[in-house]
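Below is one structure, written out as structure tokens; comments come after it.
The shown structure was predicted, so the numbers you read here are calculated from the model rather than taken from an experiment. Each chain gets a letter, A, B and so on, in the order its sequence line appears, and its residues count up from 1.
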Number of protein chains: 2
Amino acid sequence: MNEKFFDLPQEKQERIINAGFRVFSRNSYKKSPVQQIADEAGISKSLLFFYFKNKKELFLFLMKKVEEITTQALLASKCYEASNIFDMMYLGLVAKVGIMKDYPDITNFSVKAYYDDDPDIRDDVRKIVQPYTKLETNRSIPPLDPKDFKEGIDLRLMYRDMYLASEGYIWQMSQTSVIDVKKMMQEYKEMIEFWRELYARKEDK
Amino acid sequence: MNEKFFDLPQEKQERIINAGFRVFSRNSYKKSPVQQIADEAGISKSLLFFYFKNKKELFLFLMKKVEEITTQALLASKCYEASNIFDMMYLGLVAKVGIMKDYPDITNFSVKAYYDDDPDIRDDVRKIVQPYTKLETNRSIPPLDPKDFKEGIDLRLMYRDMYLASEGYIWQMSQTSVIDVKKMMQEYKEMIEFWRELYARKEDK
DNA sequence: TTCGTCATTGACCGAATCGGTTAATACCAT
DNA sequence: ATGGTATTAACCGATTCGGTCAATGACGAA
């Protein structure tokens with residue numbers, strides 16, 4: 001790709017990236033017209049082909065961009081440093097919501113890209129995504145210390161409950177065109193505190 | 001449309017319907033080729049145009065089919081007759097999973113169709129979907145009697161928790177190509193019993 | 001076998017759309 | 001004006017699209 005792309009003002013870069021996410025998330029790779037991406041980005045198709053030598057290069061660039069954006073946001077959220085599962089989940093989802101505010105179609109794009117089996121891109125997508133899926137720590141249960149929680153609680157099911165509800169949250173958000181971030185955040189915060197009250201062992205010093 | 005479609009053997013009808021769900025769920029209306037639907041259904045494009053006079057008629061037929069399938073399955077599941085919220089949610093999701101076993105792409109199809117804003121179909125889709133969204137009872141909280149649940153539980157948040165987790169379940173299922181119905185059902189059953197133990201007031205006669 | 005009926009298809013059409021190229025233009029500092 | 005850079009309109013050959021229609025196949029009645 002043409003390195004001059006990175007010299008563009010940040011706002012223009014993001015406009016192009018978001019247009020790519022949007023168009024590729026609504027159609028398969030093959031059926032996504034470069035023309036439409038250019039239109040939604042407010043530039044000409046020719047210019048897009050000036051920065052990216054062809055459709056495939058643009059697509060794979062967007063794939064790598066997803067990884068970059070998410071890992072960076074999760075790191076910045078400090079969710080991995082949280083002292084308990086509730087704070088960890090909250091910080092994690094706040095980070096994801098923040099991402100979706102800036103890149104509304106990033107979730108649908110990555111899901112779509114992952115399951116696209118077009119021979120033109122399939123292998124390259126696997127190659128990019130592989131290291132990312134290996135550290136998929138969310139689905140499997142993280143190490144939890146029983147003494148942090150009320151007695152008689154099945155920690156496996158507790159975590160599954162919270163994980164699935166969080167997934168449901170993100171899914172709902174990804175389906176609505178206009179995202180009310182403030183409200184979503186507030187509602188999830190409520191949810192977390194509800195769980196904390198429900199599951200966590202009360203501290204008595 | 002040609003009424004002879006309904007004279008076809010059930011299996012062939014479903015093959016065509018599923019092919020339609022599948023193709024339309026992977027691309028926008030305009031970018032979904034009728035040819036591909038015919039291929040996946042194992043018939044010729046000409047025959048498809050014999051039963052449905054054009055692409056739009058086929059699409060709108062599928063839209064109505066979604067409504068028919070879901071309302072019928074939910075009614076048959078007797079989830080509305082359940083005596084408590086836990087059984088109700090369980091029966092409701094069992095019904096939805098059953099649908100997805102027969103029509104794996106129905107969820108993605110209906111979501112996609114709902115948000116497609118192609119002027120060719122937009123207005124007709126709204127017209128079909130409108131009465132269906134009005135009785136959207138799941139998102140809003142159903143009437144719950146506090147004396148059925150443990151004290152101190154915020155019933156609003158309790159329901160939101162269960163609703164979101166169920167959504168997360170369905171979303172996960174709709175994303176995986178091969179659906180292990182048995183396992184999914186079993187896991188959700190576990191989840192329900194976990195909630196019942198957690199939320200429901202113990203009966204002492 | 002022959003005929004007639006009806007389901008089904010291959011071949012075809014004009015129009016539209018695709019990814020990609022290129023020569024020309026707009027813009028701007030000197 | 002000049003030169004260089006960012007950006008585009010116009011264009012290309014190839015492909016794909018929705019839709020049509022004459023031809024084919026299957027099959028039972030005669």
Side-chain angles (χ1 to χ4, degrees), chain A residues 1-17 19-20 22-63 113 116 118-122 124-125, chain B residues 1-17 19-20 22-63 113 116-122 124:
Chain A
M1 65 178 292
N2 192 331
E3 297 297 325
K4 286 179 184 169
F5 174 80
F6 301 108
D7 296 339
L8 259 44
Q10 200 69 24
E11 178 259 339
K12 197 166 186 175
Q13 283 187 42
E14 292 201 0
R15 243 170 45 219
I16 294 172
I17 290 169
R22 187 173 160 105
V23 173
F24 280 125
S25 73
R26 277 163 172 68
N27 291 101
S28 66
Y29 170 75
K30 201 192 292 189
K31 297 284 177 187
S32 298
V34 176
Q35 177 71 68
Q36 193 179 336
I37 298 176
D39 289 346
E40 298 203 12
I43 62 173
S44 67
K45 186 178 63 164
S46 324
L47 189 56
L48 208 47
F49 276 113
F50 173 69
Y51 291 124
F52 304 91
K53 79 164 192 265
N54 55 31
K55 187 179 181 179
K56 182 173 174 178
E57 189 179 87
L58 167 59
F59 181 82
L60 293 177
F61 165 77
L62 290 174
M63 281 256 64
D116 202 317
D118 193 310
D120 282 1
I121 53 159
R122 198 182 42 207
D124 299 86
V125 168
Chain B
M1 64 177 293
N2 191 330
E3 297 297 325
K4 286 178 186 172
F5 173 79
F6 300 108
D7 296 339
L8 260 43
Q10 200 68 25
E11 178 259 340
K12 197 165 184 176
Q13 283 186 43
E14 291 199 359
R15 241 170 46 217
I16 294 171
I17 290 169
R22 187 175 161 103
V23 173
F24 280 125
S25 72
R26 278 162 171 68
N27 291 102
S28 66
Y29 169 75
K30 201 192 293 192
K31 297 287 176 185
S32 298
V34 176
Q35 177 71 68
Q36 192 179 339
I37 298 176
D39 288 347
E40 299 204 11
I43 63 174
S44 67
K45 186 178 62 166
S46 323
L47 188 56
L48 207 48
F49 276 113
F50 173 69
Y51 291 124
F52 303 92
K53 78 165 194 266
N54 54 35
K55 185 179 180 178
K56 182 174 174 179
E57 191 179 84
L58 168 60
F59 181 81
L60 293 178
F61 164 78
L62 291 174
M63 281 256 66
D116 201 317
D117 64 342
D118 192 307
D120 283 0
I121 53 159
R122 197 183 44 206
D124 299 86

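Against DNA chain D, the stretch residues 51-59 of chain B makes heavy-atom approaches under 4.0 Å through B:Asn54, B:Lys55.
The CG-C1' distance, from B:Asp39 to D:dC17, rounds to 14 Å in whole Å. To the nearest angstrom, C1' of D:dT7 lies 15 Å from CG of A:Asp7. Rounded to a whole Å, the CZ atom of A:Phe50 is 8 Å from the P atom of D:dT7. The nearest whole Å value for the distance from the CG atom in B:Leu48 to the P atom in D:dG18 is 11 Å. Counting to the nearest Å, the C1' atom of D:dC17 and the CZ atom of B:Phe24 are 13 Å from each other. Across the protein-nucleic acid pair, B:Leu47 atom CG and D:dG25 atom P stand 16 Å apart, rounded to whole Å. Following rounding to the nearest Å, A:Leu8 (CG) and D:dT7 (C1') show an atom-to-atom distance of 11 Å. Here D:dG18 presents its P atom at 12 Å from CG of B:Asp118, a figure rounded to the nearest Å.
Shortest non-hydrogen contact noted between B:Lys55 and B:Ser32 is NZ-O, 2.9 Å. A pairwise comparison of heavy atoms in A:Phe24 and A:Ile37 identifies CE1-CD1, 3.6 Å as the closest pair. For B:Asp116 against B:Asp118, the heavy-atom pair with the smallest separation is OD1-N, 3.1 Å. Across all non-hydrogen atoms, the minimal contact from A:Glu57 to A:Lys53 is OE1-N, 3.0 Å.
When DNA chain C is scanned 5' to 3' for any atom under 4.0 Å from a heavy atom of chain A, the first and last hits are C:dC18 to C:dT22.
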Exercise for review: Determine, stepwise, if the pair A:Val34 / A:Phe52 fulfils side chain to side chain contact (heavy atoms under 4.5 Å, CB included).
Suggested key: CA-CA 11 Å; A:Val34 176; A:Phe52 304 91; over 6 Å; no

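Rounding to the nearest 0.5 Å places OH of A:Tyr51 at 9.0 Å from CD of A:Gln13. In this structure, NZ on B:Lys31 lies 7.0 Å from CD on A:Gln36, to the nearest 0.5 angstrom.
Ion pairing between A:Lys56 and A:Asp124 holds under the 4.0 Å rule for side-chain N and carboxylate O.
The side chain of A:Lys4 contributes no N or O atom lying less than 4.0 Å from OP1 or OP2 of D:dT5. Residue B:Lys31 has no polar side-chain atom (N or O) positioned under 4.0 Å from OP1 or OP2 of D:dC17.
The aromatic rings of A:Phe59 and A:Tyr29 lie perpendicular to each other, with more than 60° between the two planes, well past the 30° mark.
Nearest-nucleotide mapping onto DNA chain D: of B:Ser32 and A:Ile43, the residue sitting toward the 5' end is A:Ile43. In this structure, A:Pro33 and A:Ser46 both approach DNA chain C, and ranking their closest nucleotides by distance from the 5' end singles out A:Pro33.
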